[in-house]
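A quick write-up on the structure given underneath.
Side-chain atoms are counted along with the backbone in the values below, which use heavy atoms only and exclude waters and symmetry mates.
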Amino acid sequence: NNDWVDIQFGNVRRNHENISVKGGGKDAAYFISAGHAYEKGILKMAEDNYNRINLNSKIDLNLNSWWKLTSNTRITEENRINPVYNGEGNYAMVIHHILRTHPNQYLKSPNGQYSALSRVPLMRTGNEKTTKREVLQRLATEITPLKGWSINADYSVSLPFKQFVGENLTAYEDQVDGTLTPIASTVPSYITKSKSNTTYKSLNVFSSYKFDVAERHHFAFLGGYQ
C-alpha cells in the first residue's frame, strides 16, 4: 500500500536573493547588482537541485562635454544536478517510472536495501551535472566633435563555458540472504564527459552627421563598420 507519489515527490523550495548599489552625479554614474538563486527540485530520494550566481555592473562616464564612455559587465555561473534513470533514460524517464510503480511494490527489504523497482538504486547511481559560466564585457564610447556629428564605437566579448558530466554507475539489489547482485540494466558502469569553450567578439564603429537646411529640410548621413 505504498503511495509512490508521496514517497518520491516533495515540495519545491526556491530561494532568490538580490542586492544592488547605484549612485553617481552629472559626470559619472554606476550600477552594480549581485544575485543568488537556489532551487531544490521535487525529488526526495536523489540529488535534484539548481544553483546560480550572477553579477552585473554598468558604469557611465562623461570625460568632457564631447566624450562619453560606457562599460557593461555580466558574469554568471549555473550548476544543475539531477538524477537519471540509470541505464534507461534521462530525468523525464525518472518521473515516468515513478508514476507507473505499483502500490504493492516494497520500498526496502528486511535487509535494509532499497528494491530495484522502488527506483531509488537507479536514481542514486545515475546523475547529470551541468555547469555553465559566462563572462560578457562591453565597452562603448561616443564622441561628438561638432554639432550634429557623432562618432560611436563599441566592442563586446563573450566567453561562454559549459561542462557536462553524466555518471551511470552499477546499482545493486539484495537477495533473500542479503547478497548484493548488480541490476542488469546498470552494467557496465560508464561516465560521459563533455566541455566547450566559446569566444565571441564584436566590433561596431559608426558615425552620423545631421543638419537642417532652411529649417524645413532635414538631412542625415550614416556610415559604419561591423
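Residues Val187 and Met123 do not share a hydrophobic cluster, clusters being chains of Ile/Leu/Val/Met/Phe/Trp/Tyr side chains in contact below 4.5 Å. Leu99 and Leu107 fall within a single hydrophobic cluster, where Ile, Leu, Val, Met, Phe, Trp and Tyr side chains are chained together by heavy-atom contacts under 4.5 Å. In terms of hydrophobic clustering, with Ile, Leu, Val, Met, Phe, Trp and Tyr side chains grouped at heavy-atom distances under 4.5 Å, Ile19 and Ile75 are assigned to different clusters.
In this structure the side chain of Arg13 reaches within 4.5 angstrom of the side chain of Tyr38, judged on heavy atoms. Between Tyr172 and Thr186 there is no side-chain heavy-atom pair separated by less than 4.5 Å. With contacts defined as side-chain heavy-atom distances shorter than 4.5 Å, the pair Leu55/Ile32 qualifies. Within the 4.5 Å cutoff, the side chain of Arg100 has no heavy atoms near those of the Trp4 side chain. Val120 is listed as a side-chain neighbour of Gln8, based on a closest heavy-atom distance under 4.5 Å. With contacts defined as side-chain heavy-atom distances shorter than 4.5 Å, the pair Glu134/Arg74 qualifies. Side-chain contact between Ile98 and Leu43 is present, with heavy atoms from C-beta onward closer than 4.5 Å. Counting heavy atoms from C-beta outward, Asn152 and Asp154 have side chains that stay 4.5 Å or more apart.
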Exercise for the section: Determine, step by step, whether Lys162 and Thr130 satisfy the side-chain contact (heavy atoms from CB on, under 4.5 Å) criterion, reporting the C-alpha distance in whole Å, the side-chain angles of both residues, the deciding distance to 0.1 Å, and the verdict. Expected result: CA-CA 7 Å; Lys162 182 178 181 180; Thr130 304; 4.0 Å; yes
Practice task
Would you sort out whether Tyr200 and Ser202 count as a side-chain contact (heavy atoms from CB on, under 4.5 Å), showing the intermediate values?
Solution key: CA-CA 7 Å; Tyr200 173 81; Ser202 175; 3.8 Å; yes
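A donor-acceptor pair shorter than 3.5 Å cannot be found between the side chains of Glu167 and Ser189. In the model, Glu77 has a side-chain atom that pairs as donor or acceptor with a side-chain atom of Asn79 under 3.5 Å. Looking at His102 and Asn2, their side chains never bring a donor and an acceptor atom within 3.5 Å of each other.
Across all non-hydrogen atoms, the minimal contact from Glu47 to Pro83 is O-CD, 3.2 Å.
Remark: of the listed residues Asp48, Asn127, Asn82, Asp48 is the sole one forming a side chain to side chain donor-acceptor pair (under 3.5 Å) with Tyr91. In summary, of the residues considered (Lys40, His36, Glu78), a side chain to side chain donor-acceptor pair (under 3.5 Å) with Asn51 occurs for His36 alone.
Using modelled atom types, no side-chain atom of Ser115 and backbone atom of Lys108 make a donor-acceptor pair closer than 3.5 Å.
For CG of Asn1, the number of neighbouring non-hydrogen atoms (other residues, nucleotides, ligands) closer than 6.0 Å is 12 at most.
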